[in-house]
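Just so it is clear, the model here is predicted, and its values are computed rather than measured. Lettering of chains follows the sequences in order, A, B, ..., and the numbering in each one begins at 1.
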Amino acid sequence: MSMSTSELKEIARKCRVEIVKMVYRAQAGHPGGSLSEIDLISALYGNYLRVKPNEPNWDDRDRFILSKGHASPGMYAILAEMGFISKEDLESYRVLGGICQGHVDMKWCPGVDFSAGSLGMGLSFGMGCAIAGRLSGSERNIFVMLGDGEIQEGSIWEAAMAAKHHELGNLKVILDRNRIQNDDFCVTQMRMFDIPAKWQSFGWDVMEIDGHDMDDVVRGLDFLVNNNDNPAILIANTIKGKGVSFMEDNPAFHGAAPNDEQFKLAMNELGEVMS
Amino acid sequence: MSRMAATRDGYGQALLDLASNQKVVVLEADLGKSTKSLHFRKEYPERTVSCGIGEQNMLLTAAGLASSGYIPFASTFAIFTERAFEQMRNGVARPNLAVHLCGSHGGTHTGTDGSSAQSIEDLAIFRTLPNVIVLHPSDDVSTRVLTNQLAEMNQPSYTRTARNKTPVLYDGREEEVIIGKGITLKEGNDVAIIACGVMVSEAMKAAEQLAENGVAATVVDMHTIKPLDVQLVHKLAQSCGAIVTAEDHNIIGGLGGAVSEYLSSNIPIPLERVGVNDRFGESGQADEMLELMEISSPYIAEAALRAINRKK
Ligand SMILES: Cc1ncc(C[n+]2csc(CCOP(=O)(O)OP(=O)(O)O)c2C)c(N)n1
């Protein structure tokens, strides 16, 4: 029973509200990359990922590996939306003892499959999960979300080469191509030229979409799940900070929290009625 | 109240001080805003090399620059310097190339980013590399002075700085800060507390708490972990007869490790090591982390009493 694109959009909107609230409450964290990834994550959890919120450690679940683990508010928001964790748990983001650690951590939070925070590690980890799935005769899929800054790490390309060598058709990457990294725009920090061509030359199947157009996102995720012979990557063109005007395409909101006034404005823009 | 500042700001300042030397080159791995090399980048873009998010590449690029007569200063978070550890070992330390690596946001004090960002092993691992100087200054002034001195050294270095502000200790006392020389901040004959980084001001607080109970403690800022100021350690062992080390780092292998290695071979006396007790951190505010890890000033004071008791 799959959700319509308008239902998925509403999930994403609600997640955006929670993302901004989390970062505002903590006065720390990473809103930009959480807001750029959230349409993709909402559709993935809404219609594709085979997981059981009441049985987060179900052996044969699909895996979702948020390799860009700083964008954790996006993941916590969807985990709460799907019922892996509660809405109250979101208040523990970056709070001592809270399950919502600064970076997603499989030791702390149900539904998290990878302890992230150091960039460039999730694809190799996903490869291990993909080989394990194959060894155990399972059809499960392994999804790995990467950032475009993150793919500057050499280890990403070690994994890309190896995944093709091992013909891991159950390994599926979503690239959040928001064109901004920590200090600045990617073009300033490290020009990456033709990203689709790079993955193609490593033997991957590649599709490019608009990561905020829900119809396009659904087409892209269909492509990933129906492509089981070859490792595949969905390159989603996104806008960092999408949905909050002053955060959009603004490197300053990679890792910064809104102040009181900005918070109200953001809630307003996201259609959240404040008491 | 004394001035508060973060050691990483001292690093940023030092790079500007050094800029008049045309051989100084700065390397970044997309964390210049955080490590504070951004000030240099803004003023001297032509002598700043952006390596993207690629720490391993950064370290060996720095090695190549050093082999060609340049003086490279490379920085990232302390934790991500570890990603390039083997590059540092084989490509920098082994040929003894004067690459200066700075890891900011070291220790659990770095706070709510959580365990993935809290390096608690950097001092230990870099200390095991021959030729490498290891520094962990306690305030922005000493960080600035020490970083300036590094440019004169013909060997590689690793400097850990911290993210958050702590009390400034050396305004107007710049000439006391010398690589390889511990600084005695307070003198007392019952016990010596040897600390580094953010723990130096905790050690000063502990000494005050001890003084209230009639215990006189020496406090030393051991900003250079390697080469360790063994003359000073020896002297303290003789004059106090008991030592406490304090660091925001695993108790294995860091300052405590260095001091215990010296003492056990040369002048065995009671030593208590205050540090992260071989566990990972988690998300929390800087002060909450020092509590959770049981390394804040009361824990140092307790350790001092334990060390003194063991003298008998
Ligand atoms: C190995 C490593 N180096 C540096 C960092 C610090 N860091 C955190 S986020 C970030 C930028 C990430 O950019 P991108 O992958 O594009 O993520 P997004 O824009 O989606 O947030 C950096 C450099 C890190 N987490 N890991």
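Using a 4.5 Å cut-off between heavy atoms, B/Leu38 makes no contact with chain A at all.
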Which donor-acceptor pairs fall under 3.5 Å between chain A and chain B:
residue: A/Arg94; atom: NH1; partner: B/Thr112; partner atom: O; Å: 3.3
residue: A/Arg94; atom: NH1; partner: B/Thr112; partner atom: OG1; Å: 2.7
residue: A/Arg94; atom: NH1; partner: B/Asp113; partner atom: OD1; Å: 3.0
residue: A/Arg94; atom: NH2; partner: B/Asp113; partner atom: OD1; Å: 2.8
residue: A/Gly97; atom: N; partner: B/Glu282; partner atom: OE1; Å: 3.1
residue: A/Gln101; atom: OE1; partner: B/Ser283; partner atom: N; Å: 2.8
residue: A/Gln101; atom: OE1; partner: B/Ser283; partner atom: OG; Å: 3.4
residue: A/Gly102; atom: N; partner: B/Ser283; partner atom: OG; Å: 2.8
residue: A/His103; atom: ND1; partner: B/Asp113; partner atom: O; Å: 2.8
residue: A/Ser118; atom: OG; partner: B/Arg83; partner atom: NH1; Å: 2.9
residue: A/Leu119; atom: O; partner: B/Arg83; partner atom: NH1; Å: 3.3
residue: A/Leu119; atom: O; partner: B/Arg83; partner atom: NH2; Å: 2.5
residue: A/Gln152; atom: OE1; partner: B/Ile53; partner atom: N; Å: 2.7
residue: A/Glu153; atom: N; partner: B/Ile53; partner atom: O; Å: 3.3
residue: A/Gln181; atom: NE2; partner: B/Asp30; partner atom: OD2; Å: 3.1
residue: A/Asn182; atom: N; partner: B/Asp30; partner atom: OD2; Å: 2.9
residue: A/Asn182; atom: ND2; partner: B/Asp30; partner atom: O; Å: 3.1
residue: A/Asp183; atom: N; partner: B/Asp30; partner atom: OD1; Å: 2.9
residue: A/Asp183; atom: OD1; partner: B/Lys33; partner atom: N; Å: 3.2
residue: A/Asp183; atom: OD2; partner: B/Gly32; partner atom: N; Å: 2.7
residue: A/Asp183; atom: OD2; partner: B/Lys33; partner atom: N; Å: 3.4
residue: A/Asp183; atom: OD2; partner: B/Arg41; partner atom: NH2; Å: 2.9
residue: A/Gln189; atom: O; partner: B/Ser50; partner atom: OG; Å: 2.5
residue: A/Gln189; atom: NE2; partner: B/Asp30; partner atom: OD1; Å: 3.1

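When A/Ala28, A/Gly149, A/Gly69, A/Gly154 are compared by the number of non-hydrogen pairs under 4.5 Å with chain B, A/Gly149 comes out ahead.
Counted within 6.0 Å of CZ on B/Phe280, heavy atoms from surrounding residues, nucleotides or ligands total 12 or fewer; the atom is thus considered open.
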